[in-house]
Amino acid sequence: MSSAVIAGLLVFGAVYLFMQREMLRVILGFVLLGHAGNVVLMAAGGSARRHEPFGAPGDLSTVADPLPQAFVLTAIVIAFSITIVMLVLAVTGRDEDDDTEADPEEARS
Amino acid sequence: MSGALLPLFVALPLLLSALLLIVGDRRVLHAVGLFGTLLLAIGGALWLVTDFAGSGGAVAHGVAQWPVGISIPFVADMFAALMLAVTAVLTLVCSWFAYASGRAATVYFAPLVLVLTAGVNGALLTADLFNLFVFIEVMLLPSYGLFVLAARHKGTERQVMGARLYVTLNLLTSTIFLMGVGFIYGTAGTVNMAELAGRAATDGTVAISAAVCLFAVAIKAAVVPIHGWLAVAYPATSPAITALFSGLHTKVAIYAIYRIYAVVFDGDAHWLWIGVALCCLTMVAGVLGAVGEKTTRSVLAFHMISQIGYILLGVALFTLAGLAAGIFYLLHHMIVKASLFLSTGAIEVRYGTGRIGALSGMAKREPVIAVAFFVAALSLAGLPPFSGFVAKFSLILAAVDTGHVIAVIVMLAVSLVTLLSMLKIWNGVFWGSAEAPAPHAPAPAGDGAVATASDGVVATASGRRISAALAGPAVVTACLTLALGLGAEVLMGVSTTAAEGLLDTSTYVKAVMDS
Amino acid sequence: MIGVTVGIVILAVACLAAAFRILRGPTEADRAVAGDLLLFGFVGLIALFGVRVANEYTFDIVLVAALVGFLSALSLARALTRGKR
Amino acid sequence: MTEILTVLGNVLIVAGALVFATAALGVARFRDAYMRVSAVGTAGGLGIVFVVTGALLLQPSVSNVVKVVLIITIHLITSAVGTMAIARAAYLTGTPLERYAFDELAADSPTSDRDKEPARKPAAE
Amino acid sequence: MSWLTWPFRVLGFLVWYAGQIVSSSTAVLRDNLTPGQNSTPGVARVRTRCRSDLEVTLLAALITLTPGTLTLGMHDAPVAAQRRRDAEDIRTLYVHSLYSGDADSVRDEVRELEIRLLRAVRRSGGTS
Amino acid sequence: MLLACLAGALLTCALAPLLTRVLGRDAGWLLAVPLLGAAALIALGYDDAAHSPAEPTPAVVESLPWIPSLDVGLALRLDGLSLVFSLLVLVIGAAVLCYATRYLERTDRVDRGKHAGFYALMTGFAAAMLALVLADDLVVFYVAWEATTLCSFLLIARSGDGAREPAIRTLLVTVAGGLVLLAAVTVMIVATGTTRISAVLTHDVWGGQPGLTTLVAVLVAVAAFTKSAQFPFQAWLPDSMVAITPVSAYLHAAAMVKAGIYLLLRFSPVFSGVPAWTVLLVTAGLVTAVFGAVAALRRYDLKELLAYSTMSQLGLLTAMIGVGTTAALSAAVVHTVAHALFKSALFMGVGVIDHNAHTRDLRKLARMNPRMPVTAAIMVLAAASMAGIPLLLGFVSKESMLAAFLDAPGPAWTPWLLTATAALASVFTVAYSARLVLGALGGRRGTMVREAPVTFWAAPAAGALAGLVLGLAPFLLDGLASAGASAAAGSTVEKHLAVWHGPVPELFVSLAVLATGAVLVLARRRVHAVLGPRAFPFSALDGVDRAREGTIRLGGVVGSWTNSPAPARHLAIPAVCLSVVALLAVWRTSELPPVRIAASEPLDWLLALLIGCGVVAMMGARSLISAIVVTGVVGFSITVWFFDLGATDVAMTQLLVEILTVCVMVLLLRRLPARFSSPGARRRVVALLVAGAAGLATTAGVWMLTGRREASPASEYYLTHGYNETGGSNLVNTILVDFRALDTLGELTVLGVAGLTIAALLHGRRPAADDPAPIDERSPVSDPGTNTVFVRTAAWLLGPVIVAMSVILLLRGHYEPGGGFISALVGGAGFTLSYLAAPSDERARVRLPYLWLIGLGVAVGTVTGLLGYLDGSFLRPLHPSVLGFELTTALVFDVGVYLAVIGVILAAFNLLGRPPSDTTKVLPGEPEPGASGPDDPPGSDAAEGTRTEVRKRRRTARRNTPADPATARTPHATHDPGEVNPR
Ligand code: NA
Ligand code: NA
C-alpha cells in the first residue's frame, strides 16, 4: 500500500508539472515520473520481502526479488541519460528562455 | 539462419557505431561503415524472410543461453523478418538522402544511425518486455540526437519546440511502458513474452497491465486522442529524419502492438471493438488534420496518423485476412511515406521551403520528383495499381468480411479526403508555371528543416535543379511502391505467412520455450 | 532499536522543517542552506534505515553519500551565483 | 558487551538526531541566512557524525570501523567546505546581513554599493 | 625529532577542540532553545599565519565547525606582499560570528585556534 | 489473344512518348494501328468463339495470376457486351488518335516531345478502357476503372492553368464514385467468395439475400452515376470541357462516361429485378436526360452544348438499362453504339471548326463566314442522328428505346410516364441538335473560314457516315446488338433492327417528337428568351467546391485542437486517458487475488510523507533553486525507500544519479530565468484535477496489480542458482552483467548516445547565453582563485579516496554492492568535483576525448558480448583462468559500462560548463563541436569574427528592447560581466 501511495504521489506531482509553462518544470515532472516508474517496478517484486539479495540465501521467503532491482538500476541510468539530454535541450536553441508556450508563429497567424 | 546469430542484428551495428566514434572524423569510413552495415542487415533480414517463406516458423535464441525464462530471448518469425528488412531498407534510403542533402556531414550522423538501427532491430527481435523497453530507449536516444542534428543552425522557435515535444512525448511513452512492464511483472511474475502467452486473455489483472503497455505504444504510434504531438513534432526536423522516424518509430510501436496483442492477449476478441473504434477515429482525425495543414510535411505527418489508423485496423479485426492486410499496409506505408517525405524533402532542401503556395511549377521544373511524388501520393490514397491499393483493398475486404460496416465507410471516405489533401500539395507545389520558383540561396547544404521559414513566394533566381543523388531515394521508393503493387502477391504471400504466425502464436511460443 | 526509530523520526521532522524553509526563503541563500541541511539529514536517514534492516552495506552507501553529497552543496553555492566561481 | 554497545549506539543516535534537530530549528528560527548557514555547518555536520557513530555501535565490525572513520573525516571536511561555499556565495550575491554588530568585510570592500542598502545598517545597540 | 610527537600533538588538539565545541554549543543551544534572540552577529577580519593551502583550509573548516562561527571567505594580499617569501599574514579570513560581541574577540578566538592548530599540524611544531 | 491485345495497348502507351519524340504530332497515325489491330483481333476472336458449338454463351476467357492469395487475377473475358464496348473503345480511340494528328499544333524539331504526354495518356486511356470492358475480375475491373479516372484527370489537367480546378473536381467526383464501386466490389467478393465477375453474376447469393442485393445494386448504380455524369453527380462533365477536343471526343463517345454504362449493363443480369435498381436508374436517368437537354439548349459554346447533350443521352441510356427488359437492354446497346458514332463525329467536327475559326461560340460563329462544306455535312449528319431523324442510326436506336419504354413493366401508368418523359427529352434533343447545327454553320458574312484538309476531317466523317450507313442498313448491327444484349440480359436475345417496323406506337411517338422539336426549332428565339435567363437554383459544381472547402476548413479546426507545440496539452491527454482506463479497470474488476503479506511498515509512511511533502514543494516551488533542492528531497527519499526495500545497489545508484543530476542542473541553471511564472488559477485547477486523477489511477494500479502473487520463478532461480551459475554473490549485479547483460548493453549504449546527443545538440550552436547573478566584484572575498582554495584542498584530500572507491566498487561489483555504473558514477563525481573546484571555467576542463571514451565503452561492451560466441552465445560470460585466478568477462563488460558513463559525464561538464572560446577535443582529430559551423573551416578567423559579432548584436538587441519578456522577467538579464570590472 505504501508503494501505491508513493507512486500515486509521484505521478500526481509529475502530471501537475507537465502542465506548467517552463521546460525545466516539465523536466522535473519527468524526474518524478521516472521515480514513479521505479517505485512501480520495485513494488512489482513485492515489498514484503526486504532482505538484500546476496549470495545464495538459505531462506528465500525474506529475501527481496533481485530482478526488479536490476530493472530499476537500468531504468535509473536510462532516465538519467535522458534527463541530461532534456536539460540541454531546455537551454539550447534559444536565448534566455525555456518557456514552452511562446510561439511567435501562432501569435502571428 | 541459426537463432544464435540473431543478436548480431544488434551487436554489429553497435560495434560499428562504437568503432566509428573511435576512428573519429573520417567521413569516407563513416559512410562505408554505415552503408555496409545496413546492407548486411538487409541481407540478413532477407535470409530470414526466405527461411520463413512458404512454411512460416520461427527461430529463437536465449541470449547468453541461460535457462528459458532467465535468458532474454531473441525471436524471429516472418513478421519480425519483414520488419527487419523494410526498416533496414528505409534506413539505407533515408541515410542516402541525408548524405545527398548534406545533412550527414557530421561525425555524429553515422554512429547515431547505427545505434538507431541496433535499437530497432533489438526491439523487433526481443521477446522480453523489459528488454523491449531498453531497446525502445536505444532507438530513442539517437533519435533525439538525429532530431536536433537536423536543425544545425539555430532553429526556429517551432523547431525547438518540436524537438522538445518529441523528446517529452517519447519519454512519457517509455515511462508509461516501463510502468506497464512493472505491472506485468507484478501480476504475472514474468516479462517473457512466451511465458506471458495468452495470460491476458485468462487473467484480468494481467490484461490491465498489458493494456498499460499497449497504451504506451499507442501514444508512440500516435493513436487518437494522443496523436497531435506527432503532427507537431515530426515536421520540425529535416526531411530525411522525418522520413526515417516515420518509417521506424511509429512502425516499431505498431509492431509491438501487433505482437503484444497477438501473444499476450492471444487476440482476445473481447476488446477488439475498442480497437476498431479508435482506428476509425484515428483515420478521420488524421486525415482532417492533413487537409487543414499548410506545409507539405505537416500534411504528410497528419497523414501518417490517419494511415496508422488503417494499419492498426488490421490487428483490431484480428482475422487472418485482417492481420495480413494490416501487415501489408504497414510495410507498404513505410515505403510510401518515406517516398513522399523524401520527394517533398528534396524540394524543401533545394528550394528552401515546403510551404504550400510558396512554390509552384515543380512538375515542369522537377519532372522526376513530380512523378515520384505523384506515384507515391496515389499509392497513399490507395489508387491502383500501386501497393497502396492492394493494402487498402485487402483491408477493406477483411473489414467487410467481419461486418465492420462503419470501418469500411470510414476507410472509403478517408481515402477520398486523403486524395484531396494530396491534391492540395500537388496544386500548391507542383502545378503552375515553372518560372516563378527557383532555388533558395543557401541551397547545396540547404537547411531542409526550414519548413516554415518563408511565407512568401521564393525569390527568383536561375540555378541548378535537384541532383540525381537527392532525387534518387524518392524515385527508388516510388518504384518500390509500384513494384509492390504489381507484384503484390509476393508481399501479400509473406504478409499472410506473418499473419498466420500472429493468429496462431504457438510456433513463436514454442521457439522461445525451446531456445 | 527504539533509538533508531526515534532518530529516524527526528531526522525526518528536521528535514521537513528544512523543506519548509526552502519554500519560504526569503532569500535564495536560505533555500540553499536548507538544501544543504536536507542532504545531511538524508545521509543520517540512510544510515539509520540501514541499521534498522541490518543491511550489511549501510556504511558503504553512507560513505558514498558523504563523498558526493559535497558536490550538491558546492553546486548549490554555484547556483546562488548563477555560475560565477 | 553487545548490549552496552547497542544502548550506547541508540543513545548516540538520538543525541545526534537532536543535535541535527537544533540545526533544523536554527534554520527555521534564525534571522538571516548567515546565521542559518552557521547552524547547519555545525550542528548538521556534527549531528550526522553522532548518528553514524551510533549506527556503527549497532553494527560493529572492523571494516565498518574503517568505513566510519573515513565517513566522519570526509563528512567533517566536506560539510565545512560546502557550508563555507554557500556562505560566500550568499555574501557575494548580496544576501542581507540582519542587525549586525560589526562588519569588517563590508568595510574592506572599497566602493561597495552594498553600503547603500538599508538592511546592512548596523543595528542600534 | 618533532615529527615523533606529531600524533600526540594532533590528538591533544582534537581533545581541546572537542571541548571548545561543547562549550560553544551550549551558548548556541541556549539561544536557540529559549525564546527571543540574544546574538550579536558580525563579520570580522582575521589575518592568518597559515602558509599552506591545507593549513588555511583546516583553519577555515574548524572555524566553521565550531558552533557560532563561520568562515565567509578569504582574501589574498596583493602580489607585492606575496613576493616576500617568508611572509605570513598574507591571507585574511572573514569570519562570521554569532556570540563574540565584537570583532576583536573574534580575532582572539580564531587566533587561539590557529596557534593550537598550527602547533599540532606542523611537524616542526609551533607557528614560527 | 485478349491478354495480347491488352499488352499491345499497354505497349503502345509505353512507346507513345518515344514515337512522339521522333514523329511529333504525326505519331497518332502510327499509334492508331495497334488499336485497330486489337479491334480486329478481338472481333475475329469473338467470331471464333461464337462459331464453336461447345459454348452456349460465346465467350473468350484468359487469365494471368496477380495476387492469388486474395484470389485476384488478371482474368479477361470477351463476351458480347465486352465485344461491343471494346470495339467502340478501340475504333473510336484510333479515330481520335488520327484526328489528333491534325488537331494538335505542329511542333518543331526542338519541342517534338511536346505532345508525348498527350499520346501516352490517350493510348493509356484506351488501354485502361480496354482492360475495363474485358475484365472478368472485380479487382481488375476496379483497377481499370480508377485508371480511366486518372487518365481523364491528367488529360484534363494538362490543358493549362484554367483546367486545374475542373480537373480536381472531376477527379474528386469520379474517385468518390470509384470508392463506392470499391465498396460494391468488396461486398460482392465477400458475399460470393469469388472475384470472377462471370461467377459473381451467376452466384445464387443474389436471389437469397434481398437486402444484400439491394445494397450492392445501389452501390453499383451510384458508382456508375458518378462516372456517367448522372444526376446528382453530373456537374463534372460540362466542367471538364476545358480539355482539348480530342480528349473530349474520346471521353464522351467511347471512354470515360461509357464505363458507367458498361458497368450498369454488365450487372443488369443480377440487378434488373431489384426494385431499388430500377427506380434509381430510371429516375436518375430521366431527370438527367431532361435536365441535360434543357441545359444544352441554353449554351453558346458548342462543346459545352455537346457536353450537356452527352449527359442527356446517357440519362436516356441509364433509364433504359433501369427498365431492364431484354428489349430495353438491346435498345441500350444499340443506342450506345449510335451515340458513340454521332457524338465522336460531332465533337471532332466542332474541333475542326474551333481549330479553323478559333472559336466555338455560336454567337461569334454567326458573325463569321465558314466555308466548310464537308464539316458542315458531318455536323448535319451526326446531329440528325442525334435528333433521331429517320434513315440514320439515331432514329433506329431512339425508336427501339421508345418501344422499350412503352413496354416497361410495372403499374399501368409507368410506361406512359416514362415514355412521356423520354419523349420530352427527345424533343429538346431535336431542339438542341438544330441549335448545334445552325450554330456550327455560322453566318454568311464576316471572316471567312476555310475548310480543313481531308486528313483532319476524315475521322469525324467516318463516324458520321457510319451513322448514315447503319441507319440505312441497321441489320448490319444485328449480330453485335444481339451479342451485347444477350450478355447484358444474361439470356439469349435476338435483336432484329430495321428502318421500318410498320405503324407501331413508337413510330408515332417519334413523329410527334420530331414535330414538336421542329416547332421548338422554329420558335428558337422565343425558347431561348424563356430558358436563357433562368439559372438553376443550385449548382452541383458549387456543391463540390463547397464540400471541398468545408472539408479543408473542418480539417483546420480538427488540426488546431492538437496544434499546440507546448507539451502541456500533449502530456495531459495521456494522463487523462490513463485515468479513464484505470477507472474502467477498477470498475470492471470484481475480484483480486489477496495481498500476500502486509507489505507496509509504519516507517514506510514516514517516507511517503517526506516524498509527499517533496512533491508538493516541487509543485509549489517558484524559484529555480528551490525546485532543484526539493527535487533532491524527493530523490533522496526515494533512495532511502529503495534502501529500505533491500535494494542496496539501486539506492547507491539513485543517490549518485540524484546528486549528479543536481550538478548538471546547476550548470544549466545560469542560463535559465531564476523564477518560474505563476500559473493562472484556471490552469492550476485544471492541472490539479488532471494530476489528481492520474495520481489516483496510479495508486489504484499499483494497489491492484502488485504484491498479490507468490515469488516469481525467475526470482527463485536467481536466489537459488544465481551464485553458483555466475560465481557472483551480488545477485543484482549478476543479473546486470550475466543474466540480462543485453539490457545493460542497451543501457550503456543509451548513456553513451546521450553524450553523443548532447554534443550533437551543441554542434554548431550554443546554449542560451549565460546570465550570472550580479556579483559584488570588489568584495575582498570575490576572487575565485583565492576562495576555491578550500574546495581545492578538499578535492585534493578526497581525490585519492574517490579514485580508490571507484576502483574498489568496480572490482567488487560482482560480489558486493558496486559495479560499472556505480563506480563510474563515483568516478564521474570525481570529475565533477574537479570541475567545481577549479578556479576558472578555463581551467575546469578535463582534457579527455569523451566521444572517444564513449565509443570505447560501447566497443568494449559489444566485443565482450561477441566473445561470448566462443561459448556459444552472444554475451555469454567466459571464465578464463589467468595465472590461477579465475576471471570473468563480466568484469570487462563492466569496464565498458564504466567508460561510457565517464564519457557522458565528461561530455556534459565539458560542453555545458565550458567558457565560450574553449577548444576541448571531443575526439582525436575532431574539431570542437560548436566551435565552428561545418561550412566554415574550423577555427577560421572569419567564422570566429562572425560569431562574436552575432553575440554582440544579440546583447545589443537585448538591451535595446525593453519589452523583451525575458528581460522583464529576469532582473539580471542586461547584466554583462564584461562591463563591470575587468579584473
Ligand atoms: Na534563544
Ligand atoms: Na559554525
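All heavy atoms count here, side chains included; hydrogens, waters and symmetry mates do not. Each chain gets a letter, A, B and so on, in the order the sequences are listed, and its residues count up from 1.
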Original post:
For N55(C), is it the side chain, the backbone, both, or neither that has a heavy atom closer than 4.5 Å to a heavy atom of chain F?
Top reply: side chain

Original post:
What part of A838(F) lies closer than 4.5 angstrom to a heavy atom of chain C: side chain, backbone, both or neither?
Top reply: both

Original post:
Is the CZ atom of R622(F) crowded by more than 12 outside heavy atoms at less than 6.0 Å?
Top reply: yes

**OP:** Check whether any side-chain heavy atom of L16(C) sits under 4.5 Å from a side-chain heavy atom of L609(F), and report yes or no.
**Re:** yes

**OP:** Below 4.5 Å from any heavy atom of chain F, which atoms of I46(C) appear? Answer side chain, backbone, both or neither.
**Re:** both

Original post:
Which bit of L836(F) comes within less than 4.5 Å of chain C, counting heavy atoms only: side chain, backbone, both or neither?
Top reply: both

Original post:
Side chain, backbone, both or neither: which part of I659(F) has an atom under 4.5 Å from a heavy atom of chain C?
Top reply: side chain

Subject >> Value rounded to 0.5 Å, distance of OG1 in T648(F) from CD in E56(C) >> reply: 9.0 Å

**OP:** May I ask you to test the T58(C)-F643(F) pair for a side-chain heavy-atom distance under 4.5 Å?
**Re:** yes

**OP:** First locate atom CG of L63(C), then atom CE of M805(F), and finally report the distance between them rounded to the nearest 0.5 Å.
**Re:** 4.0 Å

Subject >> Inter-residue atom distance L607(F).CG - F49(C).CZ, 0.5 Å rounding >> reply: 4.0 Å

**OP:** Please report the shortest heavy-atom distance between S75(C) and V666(F), naming the atom on each side.
**Re:** O-CG1, 3.2 Å

**OP:** Would you mind checking which part of F20(C) comes under 4.5 Å of any heavy atom in chain F, side chain (CB onward), backbone (N, CA, C, O), both or neither?
**Re:** neither

Original post:
Can you check whether D60(C) reaches E816(F) side chain to side chain, under 4.5 Å on heavy atoms?
Top reply: no

Subject >> Heavy-atom contact with chain F under 4.5 Å, split by part of I8(C) >> reply: both

Subject >> Toward chain C, the part of L624(F) with a non-hydrogen atom under 4.5 Å >> reply: side chain

Original post:
Should T639(F) and F42(C) be marked as a side-chain contact (heavy atoms from CB on, under 4.5 Å) after you check the CA-CA gap, both sets of side-chain angles, and the distance that decides it?
Top reply: CA-CA 9 Å; T639(F) 304; F42(C) 276 106; over 6 Å; no

Subject >> Point-to-point distance, once rounded to the nearest 0.5 Å, from CG of L655(F) to CG of L39(C) >> reply: 8.0 Å

Original post:
If you measure from OG on S623(F) to CD1 on I22(C), what distance do you get to the nearest 0.5 Å?
Top reply: 9.5 Å

Subject >> Pick from V662(F), V640(F), I625(F) with the largest number of heavy-atom pairs that fall under 4.5 Å of chain C >> reply: I625(F)

Original post:
Considering only heavy atoms from C-beta outward, does the side chain of C15(C) approach that of L610(F) to under 4.5 Å?
Top reply: yes

**OP:** Measure distances from P839(F) to the heavy atoms of chain C and classify the residue's part below 4.5 Å as side chain, backbone, both or neither.
**Re:** backbone

**OP:** Measure distances from V53(C) to the heavy atoms of chain F and classify the residue's part below 4.5 Å as side chain, backbone, both or neither.
**Re:** side chain

Original post:
Shortest non-hydrogen contact from L23(C) to A621(F)?
Top reply: CD2-CA, 4.3 Å

Original post:
How long is the span from the SG atom in C663(F) to the CZ atom in R78(C), to the nearest 0.5 Å?
Top reply: 10.0 Å

